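See below for the structure under consideration.
Residues take their numbers from the sequence shown, with the count starting at 1. Just so we're clear, the structure is a prediction, and the values are computed from it rather than from any experiment.
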Amino acid sequence: MKITERKIAILGLGYVGLPLALAFAKKYLVVGVDINEKRINELQAGFDSTFEVEDRDLQSAIINGLTLTNDINETLNCDVFVVTVPTPVDQYQRPVLTPMINASEAIGRVIANNIQISDDLPNVADRKPIIIYESTVYPGATEEKMVPIIELASGLKFNQDFFIGYSPERINPGDKEHTVTSILKITSGSTPEIAEIVDQLYKSVIDAGTFKASSIKVAEAAKVIENTQRDINIAFINELAMIFGMLNLDTHEILEAASTKWNFLNFKPGLVGGHCIGVDPFYLAQKAQEVGYHPEMILAGRRINDGMGKYVAIEVLKLMIKKNMGLKNSRVLILGFAFKENCPDFRNTKVIDIYHELMMFNIDVDIYDPCVNADEVKGEYGIDLLNVIGSANYSAVILAVAHKVFLELNLRNLVKNGIIYDVKGVLERTSIDARL
């Protein structure tokens with residue numbers, strides 16, 4: 001069959017799945033599935049609360065045939081299934097594969113039904129289903145964990161009745177320059193023939209092209225080390241920031257000077273949250289420990305980065321004490337709750353660590369972030385975000401996230417004789433008291 005005759009199901013319509021669904025929908029029949037009924041309703045209305053796609057592009061795709069549903073049975077005629085569900089960690093930093101497992105079970109049931117009805121549907125009998133995973137996992141997870149689940153749910157045989165592909169997502173939430181079609185895509189498949197089909201499928205919609213890995217495990221490993229590498233590099237800079245802070249040196253000035261060397265890697269200190277960099281290293285660490293190796297550098301980097309929220313809070317408290325400001329019942333304003341700038345995503349945000357540390361000192365803490373959904377924050381963290389910033393005289397203001405809207409504020413009007421602490425290092429040095 002021709003590659004353009006395939007019908008594609010996308011399971012998971014978040015930051016990764018929705019842009020991918022729109023890209024495929026330009027050339028293929030696409031069914032987008034998400035178990036969140038609220039999410040489906042907003043998408044069917046032509047609105048994306050993640051702001052990853054333009055509403056006009058979403059509306060156009062729907063008009064031109066994109067199906068959006070929370071009913072997996074609407075994928076019965078599909079022969080390609082792309083899984084873009086989250087892969088988080090639990091409170092003990094252990095990988096949670098439950099969303100992938102649930103998606104795999106659902107796909108197994110669907111492809112079993114596809115086999116049963118294939119005699120009655122033209123152009124279906126020759127379509128061996130291909131399940132492609134984009135979710136980040138440790139090397140081996142797709143074939144060792146997901147394949148048996150599909151076999152059990154479907155009663156079908158791997159690499160005979162159905163096939164597997166892996167093409168890791170590289171979405172950068174909030175980034176309007178590096179979009180899904182402009183980022184080179186790694187592809188792989190469970191047989192050489194399927195690897196070629198998967199590669200051609202993505203190549204048909206990815207303008208930046210593709211890189212066909214030699215195996216699914218290679219593709220899985222490549223993805224997980226992308227974010228692990230960034231995590232370790234940021235951890236190194238965060239450790240330098242703590243050292244230079246003790247030496248009364250400005251980290252950003254030092255980085256600016258060091259960056260004049262052509263091969264210096266110009267990472268910046270900061271909070272490391274989100275669904276990728278702050279999570280993926282634990283997947284690799286888990287697999288390493290399973291085979292008897294303790295990954296010291298990876299876990300050391302995680303410890304440093306996970307401690308930066310507490311470090312920022314303590315630094316602010318020190319500055320307040322130096323100014324003879326009483327801590328008890330003082331008021332601090334945190335600007336930003338998302339895990340990164342100009343983005344509504346607050347998954348695994350480390351701003352919450354700043355909040356909790358300050359609250360331990362009986363400080364009244366306000367958080368303002370117009371980019372995130374306040375109701376969702378309340379539901380997950382039990383925190384009421386400010387709707388607007390009042391004229392209160394805060395003891396300190398912490399710029400935790402560099403949303404564009406924050407850069408237009410006159411923070412001195414909020415603190416008067418108080419502290420301004422710049423976590424992101426984006427404010428004029430002369431206008432603040434300290435920065436990370």
Between F162 and F158, how do the two ring planes meet: parallel, tilted or perpendicular, split at 30° and 60°? tilted
Describe, in one word, how the ring planes of H403 and F406 are oriented to each other, choosing from parallel (under 30°), tilted (30 to 60°) and perpendicular (over 60°). tilted
Would you indicate whether the side-chain heavy atoms of T210 and I186 approach each other to under 4.5 Å? no
Quick check: do L68 and L58 have side-chain heavy atoms less than 4.5 Å from each other? yes
Checking D369 side chain against L335 main chain: does a donor-acceptor pair fall under 3.5 Å? no
Indicate whether the side chain of S104 and that of Y133 have a donor and an acceptor atom separated by less than 3.5 Å. yes
Check the orientation of F346 and F337. Use parallel for under 30°, tilted for 30 to 60°, and perpendicular for over 60°. tilted
Out of curiosity, L66 CG to Q44 CD, how far, rounded to the nearest 0.5 Å? 10.0 Å
Not counting sequence neighbours, list each pair that qualifies as a side chain to side chain donor-acceptor pair (under 3.5 Å) and has a residue in residues 262-278. S259-N266, K261-N263, H275-R347
Test: R170 and E134 ion pair at under 4.0 Å: no
Do F211 and Y202 have ring centroids that are under 6.0 Å from one another? no
Scan L333, L358, V351 and name whichever one has a side chain to side chain contact (heavy atoms under 4.5 Å, CB included) with I398. L358
Between T136 (side chain) and P168 (backbone), is there a donor-acceptor pair under 3.5 Å? no
Closer than 4.0 angstrom, basic N to acidic O: yes or no for D250 and R435? yes
